[in-house]
Amino acid sequence: MNWKDKNLDIKTPSITSEQINEQIKPVLRKMEQAGIRIDCNHLKKLDETLTEKLNKIESDIYNLAGHEFNVSSPIQMSEVLFTELKLPTGELKKTKTGISTAASELKKIEKDHKIISPILEYRELSKLISTYLKPLPTLVDENSRLHTSYGLETSTGRINSSEPNLQNIPIRGKYGEEIRSAFIASPGMKLISADYSQIELRVVACLANDQNMIVSFQNGEDIHARTASEIFEVSLDKITAEQRRVAKAVNFGIVYGQTPFGLSQALSIETSKAAEYINHYFDIHKGIKEYINKMIDRAHTDGYVETLFGMKRYLPNINSTIRHIAESEERMAINTPVQGTASEILKLAMINLDGKLTAQYPEAKMLLTVHDELVVEVPQKDAKKVAQAVKEVMRDVIKLCIPIEVSVGIGNNWAEAK
DNA sequence: ACAATGGTCC
DNA sequence: ACTCGGACCATTGTA
């Protein structure tokens, strides 16, 4: 079907996903060349602090285990936890080779032994040290700037980042902010961070023409709270934090083609309970339910689905007789138009913004793109004006059936700008 | 060199 | 029996 004759209207008429990709390429090359400035000393100091912490935790783990072993080896970890310490394996997921020692699984037995908590801490610290704190300072150029490579070869149309990947820099957890604060503006400059608020949910609301969701977004409601009030049948002002958390997972799941099992895993609840939530959600969101069925039908019939701007994703195994293969591609049929359209919206905004900055603020430079976020470096004196311009370009790049919201911040580093 | 496992982001 | 979308990268352990 043609999205455009429904309730969507694109401001830049008749541009295709192919044209978007051609036009974004030179923009990405400029961003790669610009690079982002890193405070290496900050990262090195944090490295020293956390390495010291890590060593202490490591010896704690040895003491609790009764001997030394390689804590980074899942095989040895499994031996220690489940053979030697005989911790319960009942509710834990299995891998091909044995019992999983993934953090999500270990949390289930955290109260059964004092060793679990330091293991989780060890994992957190070693991840940060080996993936971010150690490598990044070795990769900066003579101006302390870090240059990533952006690619367009993803199956949904998203932009990816590698060598190094600057799209998975920590933000949550105890040290997320600390690490992001090492991404800094040059002297006399500021960083601007601008991100779309719930762009994928807005996109799916419009693609699915889900009246309930559309009204909610038009009224500027807290969408997760709204969903919570629907599935728990309580008024908006009586939503608990826990109910909102569940509703948020349900909303996310919609975009992913969720199953009761998947939701149950995400929330650590009974599959039957998860199924109740989902069923109740679909009772209220007929548009979403129809959208899902339509995409799956289309994929089965045509062998592909497409985004708003016409990017096709072929799903050759959707008619497989192997259930989980076919079901996996059904979920892609649901997710790809949503994720792909959202990524097209950001790419189009980047193209437009590049034009505007080049013409009006040639000293301002786009540096990073993180799926629904842009980071721009700009002379201090222009920061406020450019921040407003970035926000407007992102907001007005396309007219959806509902308003698009963009939040923007200014700071001396990435953490501050968010 | 490669598979398996685990973990970070949106 | 087994699962929710899209990426990249580090470590271990085997080939």
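Quick note on labels: first sequence line is chain A, next is B, and so on, each numbered from 1.
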**OP:** Give a yes/no on whether any side-chain N or O of A/Thr97 is located under 4.0 angstrom from OP1 or OP2 of B/dA4.
**Re:** no

Subject >> Nucleotide nearest A/Asn168 when distance is taken to its side chain, options C/dT12, C/dG5, B/dC9 >> reply: B/dC9

**OP:** Please determine, for the side chain of A/Lys96, which listed nucleotide (C/dG6, B/dC9, B/dA4) has the closest atom?
**Re:** B/dA4

Original post:
Counting side-chain heavy atoms from CB outward, which of C/dG6, C/dC9, C/dT12 is closest to A/Lys127?
Top reply: C/dC9

Original post:
Any luck finding a side-chain donor-acceptor pair between A/Arg123 and A/Thr101 under 3.5 Å?
Top reply: yes

Original post:
Side-chain N or O of A/Ser155 less than 4.0 angstrom from OP1 or OP2 on C/dA7?
Top reply: yes

**OP:** Report the nucleotide, chosen from B/dG6, B/dT8, B/dC10, that has the shortest atom-to-atom distance to any side-chain atom of A/Ser100.
**Re:** B/dG6

Ignoring hydrogens and angles, write down the donor-acceptor pairs under 3.5 Å from the side chains of residues 408-418 of chain A, residues two or more places apart or on other chains.
{"unit_1": "A/Asn412", "atom_1": "OD1", "unit_2": "A/Lys190", "atom_2": "NZ", "d": "2.9"}
{"unit_1": "A/Asn413", "atom_1": "OD1", "unit_2": "A/Ala415", "atom_2": "N", "d": "2.9"}
{"unit_1": "A/Asn413", "atom_1": "OD1", "unit_2": "A/Glu416", "atom_2": "N", "d": "2.8"}
{"unit_1": "A/Trp414", "atom_1": "NE1", "unit_2": "A/Glu373", "atom_2": "OE2", "d": "2.9"}
{"unit_1": "A/Glu416", "atom_1": "OE1", "unit_2": "A/Asn412", "atom_2": "N", "d": "2.8"}

Original post:
What are the residues of residues 17-36 of chain A, sorted by number, that bring a heavy atom to within less than 4.0 Å of DNA chain B?
Top reply: none

Subject >> Short side-chain N/O contact to C/dG5 OP1/OP2 from A/Thr336, under 4.0 Å >> reply: no

Subject >> Atom CD of A/Glu52: over 12 foreign heavy atoms under 6.0 Å >> reply: no

Original post:
A/Gln258 or A/Asn160: which one's nearest nucleotide on DNA chain C is closer to the 5' end?
Top reply: A/Gln258

**OP:** If the plane angle is over 60° it's perpendicular, under 30° parallel, otherwise tilted; pick one for A/His224 and A/Phe252.
**Re:** parallel

**OP:** State whether a side-chain donor-acceptor pair under 3.5 Å links A/Gln339 with A/His371.
**Re:** no

